[in-house]
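Here the structure is laid out as structure tokens; the discussion comes afterwards.
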Amino acid sequence: MTFDIGTDKNIDAIEVQNRVAIAQSQLPADVIRNGITVRKSTTDFLEVIALTSPELRYDAVFLSNYALLNLYDALGGCPASGRFASSGARDYSMRIWLNPSAWPGRESPHPT
């Protein structure tokens, strides 16, 4: 939820609780058992960190993966930190093609 600047924070908190209660009645039991988390946050930046490789030893995918593995949980777990976001994140990916006829005891659905 978003609120206008200058609204009463106590009334805003009550409004959030009311909306969560309304939404909760429409959620599956498993979701309700796990719980609902509400966080206060702002869209303002507190800090911006840039990862670079001065001698171009590491590419953008490596640096993005490094931030995900080493910085995301550490920064997100700090007290009073609302959210950690990575802009321009790039993830490792892999495409795998399977050949069913190469599996023992299986025939290809499309004979050649």
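Side chains included, hydrogens not; waters and symmetry mates left out as well; all remaining heavy atoms used.
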Name all residues meeting the side-chain contact (heavy atoms from CB on, under 4.5 Å) criterion together with Asn18; count only those two or more places apart in sequence or in a different chain, and write none if there are none. Ile14
Enumerate the residue pairs fulfilling side-chain hydrogen bond (donor to acceptor under 3.5 Å, both in side chains) with a member in residues 57-72, sequence neighbours excluded, ordered by first and then second residue. none
Minimal heavy-atom distance between Leu51 and Ala67, with the atoms involved, is CD1-CB, 3.7 Å
With sequence neighbours left out, which residue pairs that include part of residues 61-72 fulfil the salt bridge (charged side-chain N to carboxylate O under 4.0 Å, His left out) condition? none
Please list all pairs meeting salt bridge (charged side-chain N to carboxylate O under 4.0 Å, His left out) that have one or both residues in residues 16-32, counting only residues at least two apart or in different chains. Glu15-Arg19, Asp30-Arg33
With sequence neighbours left out, what residues match Thr7 under side-chain contact (heavy atoms from CB on, under 4.5 Å)? Phe3, Asp4, Asp12
With Ile32 via side-chain contact (heavy atoms from CB on, under 4.5 Å) - residues at least two apart: Gln24, Leu27
Can you list everything that forms a side-chain contact (heavy atoms from CB on, under 4.5 Å) with Ile5? Sequence neighbours excluded, please. none
